[in-house]
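Input: a single structure, listed below in structure tokens.
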Amino acid sequence: MNIFLVPYTRWRHLLMALWCGGAGLLAWFFVLSLSIIGGPKWPPEWDGPMLLGAIAAAVAGASILGEDNLYRRPLLKRLGRTALAMGIALGNTLLWYWVWTLLVPVLMPGEWQDDAGDASLVSLRYRLGALFMAGMSTGIAGAVVRKMNHAVSHVAGGVTSALAAGAAWHILGANFQGLTDLYLASASLGLVWGLLYGFITWPIPDDLYAGWIRVLSPTRYGRRIPIPATDASPKERFVGHFPRGLDLFLPVEDGVMEMHVSVAVDSKGRYSARGLSLQPTLVRRFLERIDLRYDARRPAPLETELNSGDRIVMGQGEHKAELEFLMLPREEL
């Protein structure tokens with residue numbers, strides 16, 4: 001997990017899903033390897049809780065470790081937070097699985113009790129409660145380590161991901177349309193669990209990125225300046241051809257006025273462009289064109305919110321300059 005390898009696009013929200021999905025798949029492979037190499041290390045009735053506990057611990061720990069890697073937290077802190085999340089998820093899963101086995105004889109009718117107690121029976125009907133509790137344990141682990149930040153979404157995401165994983169496990173292992181593969185069924189349990197949990201609970205936040213202005217016109221091509229201050233306070237950068245005091249100088253020959261446009265960021269991390277000149281000032285993005293030239297009849301300059309990849313064109317015809325707004329990792333500041 002490296003923030004420099006995560007471009008600021010909508011696809012970045014899938015990174016944590018793939019990361020946690022891989023962790024869930026590795027947990028399934030680890031439990032399977034322990035069962036095969038040297039024979040089972042536990043009684044058959046423990047296959048279910050060990051598999052659920054391992055997946056819950058791996059998914060919860062991967063989510064925390066991925067966050068800490070992206071924020072470049074100290075190594076010992078990463079290991080401590082990851083171990084805490086894994087311990088909470090594993091302990092709660094095993095505890096609630098035991099509670100569920102005690103509740104089954106009470107909740108199930110008499111003729112179902114024998115089937116519900118059969119550890120080798122592949123049926124979502126008798127494992128639904130265990131999956132629910134394991135998913136809840138995964139969400140609780142993430143919420144506790146993150147100091148109950150968005151606790152509801154963590155718990156809901158954990159339960160949703162576990163139940164969806166249980167459905168995938170059941171479909172692949174219960175002779176659905178002629179398909180019966182217990183090997184793929186158990187693998188899908190870890191994969192789907194991690195994919196959905198990583199996607200729902202902790203998407204990569206915007207505060208890991210900062211806005212930059214980059215020059216695209218031939219004069220000063222590639223020159224770029226950051227927008228935010230290092231302390232994340234509100235900041236405004238000015239572009240023009242005035243020789244002193246501006247943040248980005250562009251020559252008058254390119255159609256740039258003394259103070260032509262500014263790009264600002266507020267305390268909530270929202271970026272905007274403001275037109276400061278009567279000369280043409282255009283923000284271009286996909287299927288959208290916004291004219292920001294200053295209107296003297298208005299009490300304040302026109303402005304528009306900026307998104308990564310937006311172009312700002314100053315001037316027109318042969319005499320124009322073009323800027324690009326980019327979101328890059330904050331570590332480059």
Side-chain angles (χ1 to χ4, degrees), residues 1-3 5-6 11-37 47-73 75-94 97 130-146 150 153-169 172 183-205 208:
M1 295 291 285
N2 188 328
I3 191 61
L5 302 179
V6 186
W11 296 104
R12 74 186 186 278
H13 298 302
L14 296 178
L15 180 68
M16 288 302 297
L18 296 174
W19 172 262
C20 294
L25 202 58
L26 287 175
W28 157 79
F29 184 75
F30 175 74
V31 173
L32 183 66
S33 299
L34 286 180
S35 301
I36 294 175
I37 300 175
D47 285 344
M50 292 303 296
L51 179 61
L52 293 182
I55 295 175
V59 170
S63 179
I64 298 300
L65 181 61
E67 174 191 354
D68 289 352
N69 286 343
L70 291 174
Y71 276 107
R72 295 286 198 274
R73 294 191 172 111
L75 180 59
L76 290 179
K77 187 174 183 180
R78 299 185 205 182
L79 296 178
R81 282 164 50 90
T82 302
L84 178 60
M86 295 181 69
I88 293 174
L90 178 60
N92 276 276
T93 299
L94 296 180
Y97 193 96
L131 285 165
F132 179 91
M133 293 173 180
M136 185 174 61
S137 300
T138 308
I140 290 174
V144 169
V145 176
R146 293 189 172 112
H150 300 293
S153 64
H154 275 78
V155 175
V159 171
T160 301
S161 59
L163 293 180
W169 165 75
L172 291 177
Y183 184 82
L184 292 180
S186 56
S188 68
L189 184 70
L191 180 62
V192 174
W193 194 329
L195 285 174
L196 288 181
Y197 183 82
F199 183 75
I200 295 173
T201 58
W202 197 84
I204 296 179
L208 284 167

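Keep in mind that this is a model prediction, so the values were computed, not measured. Quick note: residue numbers are just sequence positions, from 1.
The CH2 atom of Trp193 sits 5.0 Å away from the CG atom of Leu52 when rounded to the nearest 0.5 Å. Atom CG of Leu79 and atom CG of Leu65 lie 7.5 Å apart (nearest 0.5 Å). The CD1 atom of Ile204 sits 4.5 Å away from the CG atom of Leu15 when rounded to the nearest 0.5 Å. Separating the OG1 atom in Thr93 from the CD1 atom in Ile88 is a distance of 11.0 Å, to the nearest 0.5 Å. The CG atom of Asn69 sits 5.5 Å away from atom CH2 of Trp19, with the distance rounded to the nearest 0.5 Å. Atoms CD1 and SG, from Ile200 and Cys20 in turn, are 11.0 Å apart once rounded to the nearest 0.5 Å.
A heavy-atom distance below 4.5 Å is not found between the side chains of Trp169 and Val192. Counting heavy atoms from C-beta on, the side chains of Pro205 and Leu208 come closer than 4.5 Å.
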Please evaluate residues Leu189 and Leu131 with respect to the criterion side chain to side chain contact (heavy atoms under 4.5 Å, CB included), reporting the C-alpha separation (whole Å), side-chain torsions for both, the decisive distance (0.1 Å), and the verdict. CA-CA 10 Å; Leu189 184 70; Leu131 285 165; 4.1 Å; yes
Leu90 and Met50: CA distance, side-chain angles, deciding distance, side chain to side chain contact (heavy atoms under 4.5 Å, CB included) verdict: CA-CA 9 Å; Leu90 178 60; Met50 292 303 296; over 6 Å; no
What verdict does the side chain to side chain contact (heavy atoms under 4.5 Å, CB included) test give for Leu191 and Trp28, after you've listed the backbone C-alpha separation in whole Å, the side-chain angles of each residue and the deciding distance to 0.1 Å? CA-CA 9 Å; Leu191 180 62; Trp28 157 79; over 6 Å; no
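Between the side chain of Thr201 and the backbone N or O of Gly198 there is no donor-acceptor pair closer than 3.5 Å. Checked by atom type and distance alone, the side chain of Tyr197 pairs as donor or acceptor with a backbone atom of Thr138 at under 3.5 Å. For the pair Arg73 (side chain) and Arg78 (backbone), a donor-acceptor distance under 3.5 Å is absent.
With a 6.0 Å radius and a threshold of 12 heavy atoms from other residues, nucleotides or ligands, His150 has its NE2 atom at or below the threshold. No more than 12 heavy atoms of other residues, nucleotides or ligands lie within 6.0 Å of CG in Leu76, so this atom counts as exposed by the packing criterion. Heavy-atom contacts from other residues, nucleotides or ligands closer than 6.0 Å to CZ of Phe30 number 12 or fewer.
Ala89 and Ala56 get closest at one heavy-atom pair: CB-O, 3.6 Å. Ile3 approaches Leu70 most closely through the heavy-atom pair N-CD2, 3.7 Å. For Ser186 against Leu51, the heavy-atom pair with the smallest separation is CB-CD2, 4.5 Å. In terms of heavy atoms, Met16 sits closest to Ala62 at CE-O, 4.4 Å. In terms of heavy atoms, Ala162 sits closest to Gly135 at CB-CA, 3.4 Å.
A donor-acceptor contact closer than 3.5 angstrom links the side chains of Ser63 and Arg146.
Checked against salt bridge (Lys or Arg N to Asp or Glu O under 4.0 Å), Arg81 has the following partners two or more places apart in sequence or in another chain: Glu67, Asp68.
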